[in-house]
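Take a look at the structure below.
Throughout, a chain's letter reflects where its sequence line sits, starting with A, and its residues are numbered from 1.
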2 protein chains.
Amino acid sequence: MKRNNKLSLALHTLGHMAAAPDQAFTSEVIAGHNATNPVVVRRVLGLLRVQGIVVSGKGHAGGWRLAKPADSITVADVYAAIGAPLMTVEPLAAPDGCAIVAALHSTMTKAVAEAEAVLRRHFARRTIADLAQAMVQGAKKKGDLRFPPR
Amino acid sequence: MKRNNKLSLALHTLGHMAAAPDQAFTSEVIAGHNATNPVVVRRVLGLLRVQGIVVSGKGHAGGWRLAKPADSITVADVYAAIGAPLMTVEPLAAPDGCAIVAALHSTMTKAVAEAEAVLRRHFARRTIADLAQAMVQGAKKKGDLRFPPR
DNA sequence: GAATCATGTAACTATGATAGTTACATGAAA
DNA sequence: TTTCATGTAACTATCATAGTTACATGATTC
C-alpha cells in the first residue's frame with residue numbers, strides 16, 4: 001500500500017465483508033488480500049470500529065465483521081471515519097500578514113470546500129452493498145473472488 | 001514551504017507581479033518573501049514560463065515578470081501549468097483482478113473527477129488581477145505590502 | 001486451566017514524495 | 001570583463017506514511 005490508501009483499503013475490505021456477512025475476517029487474511037500488513041489493517045479498521053461501522057473479536061472465532069447491514073453504510077460514512085480528506089489546502093507561511101496571501105487562502109479554501117462537498121455528496125449516494133453487488137456481478141464473469149474460507 | 005504549495009507560491013508571486021507590472025522580480029526576492037529557496041522558485045516559475053504565463057530574463061535587469069495582462073490569466077491556467085492536481089486517486093494494488101477493487105476504483109475516479117471539475121470551474125472564474133486587487137485593498141488598510149524595490 | 005488464536009497498541013524502522021542546497025554553466029547588462 | 005541573474009543537474013534533508021517487531025490482553029478450544 002503506497003499512500004493515503006486507507007480509504008481504499010477500508011472500502012475494499014468492507015465490500016468483501018458485505019458479500020460474506022456471516023464470516024469473520026482476520027487482519028492477516030485482509031492484509032494478505034491487500035499486499036499490506038496486519039497491523040496496518042487493524043489501525044484502519046480500528047477507525048471504522050470507533051464509528052460503529054465494524055466490530056472486532058479476539059480469539060478463535062475472532063476477526064472483523066460489519067456492525068450493521070451493508071446497505072446502511074455509505075462510502076461517505078467510511079470516508080468520514082478515516083478522517084483524512086482527499087483534498088486539503090494549507091495556508092502559505094508568508095511574512096507580515098501579506099494581503100494577497102490572505103486573499104489567496106480564502107479563494108483556495110472556498111474552492112476546495114466546494115469540491116469536497118461534491119465528493120461527499122457522491123460518496124453519500126453509494127453504499128457498501130453497492131460495492132458488494134459489483135463484486136458478485138464480477139464473480140459471475142470471472143469466477144469466485146471471495147476470500148478463501150478460514 | 002512545506003508541501004505541495006507550489007500552486008500557492010505561484011499564485012502569490014503572480015499577484016505581486018500584477019500589482020507591479022513594470023517591475024522584474026528576482027528568484028531571490030521571491031524566495032525571501034516565501035520563506036523558501038531561489039532554486040525552488042525557479043523550478044515553479046519555470047513551469048509557468050513553459051505555458052506562457054511569465055517570462056524570465058538573465059543579467060542585471062533580469063528576473064521574472066508577467067508575460068501577459070493579469071486579467072487574462074486565471075487561477076485555473078496556473079493550476080494547469082503546475083500540473084499537480086490537488087486530488088488524485090491511485091488504483092489499489094489488489095490481487096487477481098478482484099472485481100470489488102475495480103468497482104471501487106471506478107467509483108472513486110468518477111467522484112474525484114467531478115470534484116476536480118468543480119474546483120477548476122471555481123478557479124477559472126478568478127484571475128490574477130483579482131488577487132492583485134485584493135492586495136491593493138489590503139495595502140490601503142495595512143500599509144504598503146509590495147516587495148521592496150530593487 | 002493451559003494452549004492457542006486474534007486483536008490492541010506502543011515503539012521503532014523503512015520508504016518515498018517533496019523541498020532545500022550546492023555547484024556550476026549560460027547569457028545579459030553595466 | 002565584471003557582475004548579476006537564470007537554468008539545471010545532482011545531491012541532501014525533511015516529513016508524512018506505511019511497515020515491522022514485540023508484547024499485553026482477552027476469547028475460545030482442548
Between atom [atom1] in [X] and atom [atom2] in [N], what is the gap in whole Å?
{"X": "A:Trp64", "N": "D:dA27", "atom1": "CH2", "atom2": "C1'", "result": "15 Å"}
{"X": "A:Gln23", "N": "C:dA6", "atom1": "CD", "atom2": "P", "result": "13 Å"}
{"X": "B:Leu9", "N": "C:dT18", "atom1": "CG", "atom2": "P", "result": "15 Å"}
{"X": "B:Glu90", "N": "D:dA18", "atom1": "CD", "atom2": "C1'", "result": "13 Å"}
{"X": "A:Glu28", "N": "D:dG19", "atom1": "CD", "atom2": "C1'", "result": "14 Å"}
{"X": "A:Leu45", "N": "C:dT9", "atom1": "CG", "atom2": "P", "result": "13 Å"}
{"X": "B:Asn5", "N": "C:dA17", "atom1": "CG", "atom2": "P", "result": "18 Å"}
{"X": "A:Leu47", "N": "C:dG8", "atom1": "CG", "atom2": "P", "result": "12 Å"}

Paired with B:Val75, the side-chain contact (heavy atoms from CB on, under 4.5 Å) test is passed by just one of B:Arg126, B:Arg125, B:His122, namely B:Arg126
Please confirm whether the backbone N or O of [Y] pairs with a side-chain atom of [X], one donor and one acceptor, at under 3.5 Å?
{"X": "A:Asp130", "Y": "A:Thr127", "value": "yes"}
{"X": "B:Asn34", "Y": "B:Ala31", "value": "no"}
{"X": "A:Ser106", "Y": "A:Ala102", "value": "no"}

Give me each pair satisfying ring pair (Phe, Tyr, Trp, His ring centres under 6.0 Å) with a member in residues 63-90 of chain B, each pair once, sequence neighbours excluded.
B:Tyr79-B:Phe123
When you check the phosphate oxygens OP1 and OP2 of D:dT6, does a side-chain N or O of B:Ser27 lie under 4.0 Å from one of them?
yes
Within the structure, does a side-chain N or O atom of B:Ser56 lie under 4.0 Å from either OP1 or OP2 of D:dT6?
no
Hey, can you tell me if A:His12 and A:His33 have their rings parallel, tilted or perpendicular (30° and 60° cut-offs)?
tilted
With a cutoff of under 4.5 Å between side-chain heavy atoms, which Ile, Leu, Val, Met, Phe, Trp and Tyr residues group with B:Val118?
A:Val118
Check side chain to side chain contact (heavy atoms under 4.5 Å, CB included) between B:Val39 and all other residues, then give those that pass, not counting sequence neighbours.
B:Asn37, B:Arg42, B:Arg43
Take the C1' atoms of the five end pairs on each side of the helix from C:dG1-D:dC30 to C:dA30-D:dT1, get both axes, and report the angle to 10 degrees.
0°
For residues 109-122 of chain B, which residue pairs pass the salt bridge (Lys or Arg N to Asp or Glu O under 4.0 Å) check, not counting sequence neighbours?
B:Glu116-B:Arg120
Under 4.0 Å protein heavy-atom contact, by nucleotide of nucleotides 21-30 of chain C - B base, S sugar-phosphate only
BB---BBBBS
